[in-house]
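In what follows, a single structure is set out as structure tokens and then discussed.
Quick caveat, the model's predicted, so the values are computed rather than measured.
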Amino acid sequence: MMIIPSGKPKIWDKNPKYGSCQARKAYTGTFHKLCQAYAEKFADEYVILSPKYGFLHPNDTLLKTYDVRFNQKGVTAETIQLDALKAQWRALKLENQESIILLGGKKYGPLLEQITGGTQQFVQPLIGYSGIGVMQAKLKQAILSNQPLNACEHE
């Protein structure tokens, strides 16, 4: 199982009248697209972590755009709450996964630790790289070479 971040740029930014679409098509940012390509290449299954909707399967339908982030100062009414994330985690039976790969920056590890109560292992192969550009380059290299990233495990 792999968890990838959603991202701010969405299909509606370029085409506001697009209508509803699958989560796999909604997020158009470079980092998200590279994470998605990596997940589709190296994981049997993945979910997208959205600050509005929580854990989304790639085929889940999004009706319209939103601008909600996990790193906003103060949680807005639109940001999914921790209790809802915990409920989704259980409903998706993610607590039964031995090891979960988490793509994304530093902010995601503590969030997942809160969701799981620190009881699960997460492999975070992008932690330790110096910025988004380096992370994107590492993802591209892994995809093109068909070699998954070496990972640091965080418990």
Side-chain angles (χ1 to χ4, degrees), residues 1-73 78-80 85 88-89 92-116 120-155:
M1 170 60 74
M2 196 174 292
I3 299 170
I4 67 172
S6 56
K8 182 177 176 2
K10 296 171 191 65
I11 199 162
W12 300 279
D13 295 335
K14 288 185 179 177
N15 188 353
K17 296 179 182 178
Y18 191 83
S20 64
C21 74
Q22 293 177 330
R24 74 164 23 99
K25 296 177 183 174
Y27 305 102
T28 60
T30 302
F31 185 66
H32 170 80
K33 287 308 218 182
L34 285 167
C35 287
Q36 182 176 326
Y38 184 91
E40 288 173 354
K41 186 171 208 66
F42 297 113
D44 293 333
E45 185 179 4
Y46 72 95
V47 291
I48 301 164
L49 181 52
S50 158
K52 181 169 177 75
Y53 299 107
F55 298 101
L56 296 166
H57 286 289
N59 292 329
D60 287 346
T61 300
L62 301 182
L63 301 176
K64 61 183 180 177
T65 194
Y66 63 91
D67 187 12
V68 179
R69 298 181 198 149
F70 283 121
N71 63 351
Q72 288 176 331
K73 290 187 167 89
E78 290 187 70
T79 304
I80 190 165
L85 286 168
Q88 287 180 343
W89 191 263
L92 293 170
K93 298 186 181 352
L94 294 173
E95 75 276 4
N96 298 332
Q97 301 285 323
E98 274 189 41
S99 183
I100 295 174
I101 297 169
L102 172 60
L103 295 183
K106 293 183 274 188
K107 67 182 172 186
Y108 293 99
L111 176 62
L112 271 287
E113 286 178 22
Q114 285 184 303
I115 292 168
T116 65
Q120 282 184 271
Q121 280 192 331
F122 297 96
V123 178
Q124 296 181 267
L126 296 176
I127 294 298
Y129 292 120
S130 59
I132 190 94
V134 176
M135 287 187 229
Q136 289 178 172
K138 293 294 182 181
L139 287 166
K140 273 186 203 175
Q141 181 181 20
I143 293 163
L144 292 173
S145 68
N146 202 29
Q147 295 292 317
L149 296 167
N150 292 328
C152 298
E153 287 199 19
H154 300 273
E155 293 184 46

Evaluate the criterion side chain to side chain contact (heavy atoms under 4.5 Å, CB included) for residue pair Gln120 and Ile100; output intermediate values, then yes/no. CA-CA 8 Å; Gln120 282 184 271; Ile100 295 174; 3.7 Å; yes

What's the verdict on side chain to side chain contact (heavy atoms under 4.5 Å, CB included) for Ile80 and Gln88, showing C-alpha distance, side-chain angles and the deciding distance? CA-CA 11 Å; Ile80 190 165; Gln88 287 180 343; 3.7 Å; yes

For Leu62 and Tyr27, what are the C-alpha separation, side-chain angles and deciding distance, and is it a side chain to side chain contact (heavy atoms under 4.5 Å, CB included)? CA-CA 10 Å; Leu62 301 182; Tyr27 305 102; 3.4 Å; yes

Would Ile4 and His32 count as a side chain to side chain contact (heavy atoms under 4.5 Å, CB included) here? Give the steps. CA-CA 7 Å; Ile4 67 172; His32 170 80; 3.6 Å; yes

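A heavy-atom distance below 4.5 Å is found between the side chains of Phe31 and Leu126. Looking at Leu103 and Tyr108, their side chains never come closer than 4.5 Å, going by heavy atoms from C-beta outward.
The CD1 atom of Ile115 sits 12.0 Å away from atom CD of Glu95, with the distance rounded to the nearest 0.5 Å. Note that the NZ atom of Lys8 and the OG1 atom of Thr28 stand 10.5 Å from one another [nearest 0.5 Å]. Here the CD-CE distance, from Gln36 to Met2, works out to 12.0 Å after rounding to the nearest 0.5 Å. Between the CG atom of Leu85 and the CG atom of Leu94 there is a distance of 11.0 Å, given to the nearest 0.5 Å. Distance check, rounded to the nearest 0.5 Å: CG of Leu149 to CZ of Phe42 gives 7.5 Å. To the nearest 0.5 Å, the span separating CD1 on Ile143 from SG on Cys35 amounts to 8.5 Å.
Residues Gly104 and Ile127 approach most closely at O-CD1, 4.1 Å, considering heavy atoms. Minimum interatomic distance between Pro9 and Asp13 (heavy atoms only, all atoms of both residues): CA-OD2, 3.3 Å.
With sequence neighbours left out, the side chain to side chain donor-acceptor pair (under 3.5 Å) criterion links Trp12 to no other residue.
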Using atom types as modelled, flag every donor-acceptor pair under 3.5 Å from a side chain in residues 44-59 to any protein atom, sequence neighbours excluded.
residue, atom, partner, partner atom, Å
Tyr46, OH, Glu40, OE2, 3.0
Ser50, OG, Lys52, N, 3.1
Ser50, OG, Tyr53, N, 3.0
Ser50, OG, Tyr66, OH, 2.8
Lys52, NZ, Glu78, OE1, 3.2
Asn59, OD1, Gln22, NE2, 3.4
Asn59, OD1, Arg24, NH1, 2.2

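For the side chain to side chain donor-acceptor pair (under 3.5 Å) condition, no pair includes a residue of residues 135-144, sequence neighbours left out.
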